[in-house]
Amino acid sequence: MPSSDTSKSASAGIVKAGAFSSADKSGSPSLEEMKELARHLRRHIVTIIGKAGSGHPGGSLSAVEILSTLYFKVMCHNPAEPRWPDRDRFILSKGHAAPALYAVLAECGYFPIAELETLRKIDSRLQGHADRNATPGVEMSAGSLGQGLSFGIGVALAGRLSAKDYHVYVMLGDGECDEGQVWEAAMAAAHYKLDSITAIVDNNGLQIDGCNCDVMNLEPLPEKWRAFDWHVIETDGHDFTQLLNAFTAAKKIKGQPSVIIAHTIKGKGVSFMENNVDFHGKAPTAAEVEKALKELA
Amino acid sequence: MPQEASQREAYGRTLVELGRSSPDIVVLDADLCKSTMTGMFAAEFPGRAFDVGIAEQNMVGVAAGMAASGKVPFASTFAVFLPGRCFDQVRMAVAQPRLNVKLVVTHGGISVGEDGPSHQAIEDLSLACSLPGFTVIAPADAVETVQAVKAAAAQTGPFYIRLGRPKLPVVCPEDYQFKVGKAALMRRGNDATIIASGIMVAGALEAADLLAKENIGCRVLNMATLKPIDESAVISAAEETGAIVTAEEHLEHGGLGSIVARVLVKNLPVPMELISMDDRYGQSGKPAELLQRYGLTAKDIAQAVRTVIKRKH
Ligand SMILES: Cc1ncc(C[n+]2csc(CCOP(=O)(O)OP(=O)(O)O)c2C)c(N)n1
Ligand SMILES: [Mg+2]
């Protein structure tokens with residue numbers, strides 16, 4: 001769907017999930033459909049983390065619109081051929097948000113939706129944190145924070161060497177930006193003028209021990225990225241139109257990498273999880289799942 | 001069933017106790033003070049607790065600076081990140097200058113469970129034991145954790161203490177006295193010796209019970225201190241029982257089995273079997289399922305004892 005770039009294989013349209021058949025015959029989901037998709041993704045996330053009995057709902061729910069915009073509106077990729085060499089790449093650096101990525105990948109058709117329920121179970125392809133070798137569509141293993149952007153630079157440099165025009169998207173947590181490696185990578189991406197990289201910071205304001213401002217102050221975050229010579233775009237991370245505009249604008253910037261600082265709400269969509277640090281890494285109980293699903297009905 | 005208790009809770013509680021009597025004790029965290037339970041210390045002594053954010057390398061450097069300036073820093077995070085994430089910082093800032101830094105990590109081994117291989121520390125003890133001057137301890141239960149943490153505070157020099165995530169059976173008796181560098185005799189026996197550490201001590205005792213029914217008498221040693229290793233306990237076990245099985249929640253490379261093998265080779269080689277994660281990573285799953293899948297149960301230990309005894313002749 002997505003990209004109209006004709007230099008890429010014609011087979012590279014993503015397969016859309018049956019539940020979201022498009023009224024718009026172009027194959028690209030409408031805004032209403034995207035909202036509907038987001039609701040479904042949130043239902044998956046809450047359900048499967050609840051079933052698993054452990055996991056990270058907060059940072060998964062905050063990333064839903066960002067991920068679904070990328071996979072359904074922005075990236076050129078092929079669920080039937082996850083390692084298609086010309087695909088745009090998405091790297092989940094905040095690997096604990098794997099349930100959100102799994103839900104999106106399943107809705108794209110990388111694997112059956114029913115498989116989502118195996119999350120975190122023994123012998124499942126859906127490991128607790130993103131795992132490159134276990135799951136079709138997962139580009140890189142993660143779970144130790146701060147490493148994804150460096151990997152993304154490697155992927156982007158290799159693309160440049162091979163004269164490929166794929167784009168590389170890397171999603172970071174805001175707390176994750178505490179890690180020194182993030183800034184080593186930030187410096188390098190700008191140094192190599194990697195305009196094929198777009199980083200997204202899921203700026204939900206919270207980490208584990210509390211809000212970023214109390215644990216380790218990050219602000220002024222946009223100025224930090226600017227000082228590292230990145231093009232900075234700030235956006236509402238739950239507004240599809242703004243997100244799509246941001247991704248489009250980022251891709252147009254030449255000669256430097258772009259970062260989208262997406263203002264989000266941790267736990268978005270489930271009232272008792274929103275802005276609640278307790279739901280960073282705690283599964284909802286069966287009753288809480290039920291309550292959440294009612295809100296997401 | 002023995003009673004179960006949390007090593008992490010024991011650690012947090014002990015830190016608070018130590019903090020009351022020793023004003024020089026300070027605590028460092030890297031955005032995991034709820035999981036490591038060092039938050040208990042932070043709650044009572046907010047001025048002496050420093051959460052540096054998700055920045056383990058920085059945490060180790062800061063701890064070293066504090067140690068060099070008269071403080072006794074306890075720095076904690078998950079065992080996958082310390083020493084793994086900051087090995088060079090540990091090497092340069094702590095090990096080489098032999099600074100008085102206590103690295104106490106939680107979530108060791110595959111019993112971490114559902115978080116999966118990224119969060120299952122199975123190389124950490126090898127890394128920690130490779131560092132000259134470090135004392136490395138993997139306590140068997142909450143009782144031993146309390147004493148090991150107190151011992152680390154009382155003794156000058158770098159320590160690495162590895163704790164588990166789940167509650168563990170209490171295996172140490174009430175009058176237990178932990179000594180750094182000394183194995184604890186948990187069970188007498190002369191047919192073979194099981195040398196275990198951490199979570200595997202409970203499994204070793206259970207294996208000894210299984211074998212007793214077959215009239216196999218197993219000595220069980222709790223080798224909580226991996227470095228410096230209790231050489232004399234290993235050599236006596238070789239002399240007196242003639243066969244050794246080690247059991248650890250760690251890769252075969254560089255952990256308890258490797259260390260015991262080195263002592264045997266240098267002194268008194270006897271048949272030996274190693275129960276470990278071998279040479280592979282784990283996966284997500286329930287802790288008990290994973291221990292079973294990767295051959296780390298009492299049954300596996302008992303089978304290794306039967307095998308090693310056959311090799312005696
Ligand atoms: C190197 C490293 N240190 C610590 C952790 C433990 N950890 C997991 S998630 C998390 C907080 C992440 O906060 P943030 O990046 O803001 O993610 P989000 O709020 O989007 O969930 C921490 C400290 C880790 N996974 N990796
Ligand atoms: Mg955050």
Side-chain angles (χ1 to χ4, degrees), chain A residues 49 51-56 93-96 98 118-135 140-147 172-184 206-218 277-278 280-283, chain B residues 28-39 42-43 46 49-62 76-82 84-86 88-89 107 110 112-121 165-166 280-294:
Chain A
I49 296 177
K51 268 225 159 88
S54 64
H56 301 82
S93 190
K94 41 169 270 188
H96 58 281
T118 67
L119 175 71
R120 292 181 161 244
K121 305 234 158 76
I122 195 160
D123 293 329
S124 169
R125 295 200 286 179
L126 308 182
Q127 293 292 300
H129 290 75
D131 187 315
R132 173 179 165 86
N133 291 337
T135 319
M140 188 48 187
S141 303
S144 180
L145 292 165
Q147 304 196 23
L172 305 147
D174 46 11
E176 182 178 9
C177 294
D178 292 351
E179 283 287 359
Q181 187 181 351
V182 170
W183 301 100
E184 295 174 25
L206 299 176
Q207 44 199 98
I208 294 187
D209 286 344
C211 80
N212 305 149
C213 54
D214 290 330
V215 179
M216 185 54 57
N217 182 40
L218 275 175
V277 82
D278 290 343
H280 166 82
K282 187 180 75 171
Chain B
L28 292 113
D29 283 289
D31 199 25
L32 282 172
C33 79
K34 290 180 205 161
S35 297
T36 61
M37 303 213 186
T38 47
F50 301 87
D51 193 330
V52 302
I54 312 169
E56 296 77 12
Q57 299 171 334
N58 189 41
M59 174 171 75
V60 169
V62 172
S76 293
T77 179
F78 291 168
V80 277
F81 308 130
L82 178 58
R85 185 52 177 261
C86 36
D88 190 41
Q89 282 75 10
H107 295 58
I110 58 162
V112 156
E114 289 85 349
D115 269 348
S118 64
H119 281 57
Q120 294 164 354
R165 182 185 81 92
R280 56 196 168 161
Y281 283 114
Q283 59 166 310
S284 291
K286 294 199 178 80
E289 284 173 339
L290 295 174
L291 292 170
Q292 196 172 1
R293 172 63 60 87
Y294 294 99

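- Interface remark: Glu176(A) contributes backbone atoms only to the contact with chain B (heavy atom separation under 4.5 Å).
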Item to check | side-chain contact (heavy atoms from CB on, under 4.5 Å) evaluation trace for Ile122(A) with Gln292(B) | outcome: CA-CA 11 Å; Ile122(A) 195 160; Gln292(B) 196 172 1; over 6 Å; no
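- More than 12 heavy atoms of other residues, nucleotides or ligands shown are found within 6.0 angstrom of NZ on Lys282(A).
- Looking only at heavy-atom pairs under 4.5 Å with chain B, the residue among Leu145(A), Leu119(A), Asp214(A), Asp131(A) that has the most is Leu145(A).
- For the set Ile54(B), Val52(B), Asn58(B), the entry with the most heavy-atom pairs within less than 4.5 Å of chain A is Ile54(B).
- The parts of Ser144(A) that come within reach of chain B are both its backbone and its side chain, each placing non-hydrogen atoms under 4.5 angstrom from that chain.
- In terms of heavy-atom pairs under 4.5 Å with chain A, the best-connected choice from His119(B), Arg85(B), Gln57(B) is Arg85(B).
- Formation of a donor-acceptor pair under 3.5 Å by the Gln127(A) side chain with backbone atoms of Gln283(B) is not found in this model.
- Contacts of Arg125(A) classified as side-chain contact (heavy atoms from CB on, under 4.5 Å), with partners at least two apart in sequence or in another chain: Phe111(A), Pro112(A), Glu115(A), Pro136(A).
- Here the closest heavy-atom approach between residue Ser118(B) and residue Gly143(A) is recorded as OG-CA, 3.9 Å.
- When the candidates Val215(A), Asp209(A), Leu218(A) are compared by the number of heavy-atom contacts under 4.5 Å with chain B, Asp209(A) comes out ahead.
- Asp115(B) places no side-chain N or O within 3.5 Å of a backbone atom of Gly128(A) that could act as its donor or acceptor partner.
- Neither the backbone nor the side chain of Ala98(A) comes within contact range of chain B; no heavy atoms are under 4.5 Å apart.
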Next on the checklist: Evaluate Asp31(B) against Met216(A) for side-chain contact (heavy atoms from CB on, under 4.5 Å), listing each step before the verdict.
Outcome noted: CA-CA 9 Å; Asp31(B) 199 25; Met216(A) 185 54 57; over 6 Å; no
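- Rounded to the nearest 0.5 Å, atoms CG (Asp278(A)) and NZ (Lys34(B)) are 5.5 Å apart.
- Counting non-hydrogen atoms of neighbouring residues, nucleotides and ligands closer than 6.0 angstrom, the NZ atom of Lys121(A) exceeds 12 such neighbours.
- In terms of non-hydrogen atom pairs under 4.5 Å with chain A, the most contact-rich of Gly285(B), Gly116(B), Cys33(B), Ala55(B) is Cys33(B).
- At a threshold of 4.5 Å between non-hydrogen side-chain atoms, the residues Gln207(A) and Asp51(B) do not count as touching.
- There is no contact between His96(A) and chain B, counting heavy-atom distances below 4.5 Å.
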